[in-house]
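Input: a single structure, listed below in structure tokens.
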Amino acid sequence: MAATGSEKQGAKAYYVSTPIYYVNDAPHLGHAYTTVAGDVLTRWHRQRGEKVWYLTGTDEHGQKIMRTAEANGVSPQEWCDKLVEEAWKPLWEHLNIANDDFIRTTEKRHTDRVQEFVQDLYDKGEIYKGGYEGPYCVGCEEYKLPGDLIDGEGEYAGQKLCPIHKRPVEILKEENYFFKLSEYGPKLLEFYEANPGFIQPESARNEVVNFAKQGLQDLSISRSTFDWGVPVPWDEKHVIYVWIDALLNYATAVGYNENPAKFEETFPANVHLIGKDILRFHAIIWPAMLMANDLPVPGRVACNGWLMVGGEKMSKSNLTGIKPQDLTSHFGVDAYRWYFLRAISFGQDGSFSWEDFTARYTSELANDYGNLASRVAAMVGKYFGGALPEATASGEAEKAVQAGMAKAAAEADRKIGEELDFQGGILAVLDFVKQVNGYITEQEPWKVAKDESPEGQARLATILYTAAESLRAVAVLLNPVMPVTSQALWDSLGAEAPLGALADQRVQRAGEWGGLPAGVTVTKGAVLFPRLEELKKD
Ligand code: MSP
């Protein structure tokens, strides 16, 4: 297995990155999907007590951005500044993304280091000058292999199209600098073999291994027909290929050649989260670049599947017309963060529908989870004046709940923290919520309450303690996914005074029974998941 955070020595940070996004337009549901997944993963590891570094940012050079800026009549830098400040950063804030840094590839801290990295490769003889002619897709910012192209139809009849963007490729002929990628094929294959967990999921790993086995071509790493990029330091008529520039963000943002202590403590990433469209860049080119410069390679490259619209990857040109904010204003930010990870198995493609989101919200969040929290708080208020009673009469039914809680916590920690199986981890917790609901239905505390004998009251106290203590674990385990509602539950349980801040609760200990002490003040807070307003049907 590849190294993971817990295997790193000493005070190494658990370092997770998102792709840095092209700022040719505002973020859409697909971008937010990757970024929320990374946020949940890093919040999970923070709650394990690990040092964590979560990086996101924007990819601002290259022809695609340059042409968009031109079409909008502004300079590329102005275009990027506007989009980053008005669209990208505000969305991450709105979605409660707790990134530790935000790198922009037009920042000097990045461009200087990119030049140094490439200069080092040049000095080592890893880069040479040569010519290349081939089909290029500006959407991908990539030369395509002729065999990868598809035949155009309709308005594109007779032309060759990029299989991802479904637009004609351009034939580029340039004198460029080349990186000797072809020499790294055997070394990469050896590395994949020794680190079977490096590429996730299995299908992505197979694709990369098969591709590398066919033999790699050297990679053109400079462009001379436009100038929106980082100049090649020894030949300023060229700019560095946007993908080389972009991949290096993972190093420059954590102190490469600038802050050795920070770099040492953070690099390389434990997990690069990416969409499968950019797999080869991350699983072939990036490790080869690092090997060539004697730097350590990342622990894992994990692909999420695509959010689809009408059978195609959701992209700028085929959006649903639904913005992340349209969904958060209807369902709330927490439910938004939860929905895509809950509904789609990570690594698989999935699609969004209002109907599915509404049905899951109503049954799993509002009815199962929200109702449990409000019922328990209401009963502790009604029968015990809000002071959580002690459990003195536990029996088989309580043992089953305790075992369910331990299992849910262990499963969630393994699935989310290790396997990046967000759906499985969330389901483990929601199944436990179902179990506790079933327990209350069976125990019928409202009937037990009528028995005023000491035994009856002891049973009532035990049932309500059991339910409240279960909710404590649920709040801790769902906090990385839904931080706002988990905090509301934490407050309602009066847990902060005896146990401290929710974010400081350890996920790996959440399943240990008895954390919430008797005597805490339980209050009925705001409803966690309000009923949804009727959707307006157009
Ligand atoms: N700038 C490059 C990445 C450089 S990383 C060194 C790039 N940017 S992008 O904006 O086009 O998209 C990046 C990522 O956004 C995808 O890899 C994926 O993680 C996410 N997604 C974009 N559309 C998506 C979907 N429809 N579905 C799921 N994820 C999507 O490529």
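No hydrogens, no waters, no symmetry mates; every other heavy atom, side chains included, goes into these values. Note that ligands are numbered from 1 as they come in the structure, with each ligand's atoms numbered from 1 the same way.
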Would you say [X] and ligand 1 have an N/O pair spaced under 3.5 Å apart?
X    : result
T34  : yes
L247 : no
P19  : no
G30  : yes
Y22  : yes

Which atoms of ligand 1 are found less than 4.0 Å from any heavy atom of [X]?
X    : result
W306 : 27 (N), 28 (C)
A246 : 6 (C)
N304 : 19 (O), 28 (C), 29 (N)
D59  : 1 (N), 2 (C), 4 (C)
W243 : 2 (C), 3 (C), 4 (C), 5 (S), 6 (C)

Does the ring centre of [Y] sit less than 6.0 Å away from the ring centre of [X]?
X    : Y    : value
F267 : Y256 : no
Y184 : F179 : yes
F281 : W286 : no
W53  : Y14  : no

Ring of F211, cation from R280 - is the NZ or CZ under 6.0 Å from the centre and inside 45° of the axis? yes
Minimum distance, heavy atoms only, to atom 5 (S) of ligand 1: which one of Y21, Y33, Y250 is it? Y250
Part of [X] with heavy atoms under 4.0 Å of ligand 1, whether side chain, backbone, both or neither:
X    : result
D277 : side chain
F281 : neither
H282 : side chain
I274 : backbone
L273 : neither

Would you please determine whether [X] falls within less than 4.0 Å of ligand 1 on a heavy-atom basis?
X    : result
M308 : no
K276 : no
G305 : yes

Interatomic distance, M289 atom CE to L219 atom CG [nearest 0.5 angstrom]: 9.0 Å
Take the angle between the ring planes of Y250 and H272 and call it parallel below 30°, perpendicular above 60°, tilted in between. tilted
Picking from Y336, F529, F357, W338, what satisfies ring-ring contact (aromatic ring centres under 6.0 Å, His included) with F331? F357
T485 versus D334, side-chain donor and acceptor atoms under 3.5 Å: yes
Closest non-hydrogen atom pair between I20 and T105, with its separation: CD1-CG2, 3.4 Å
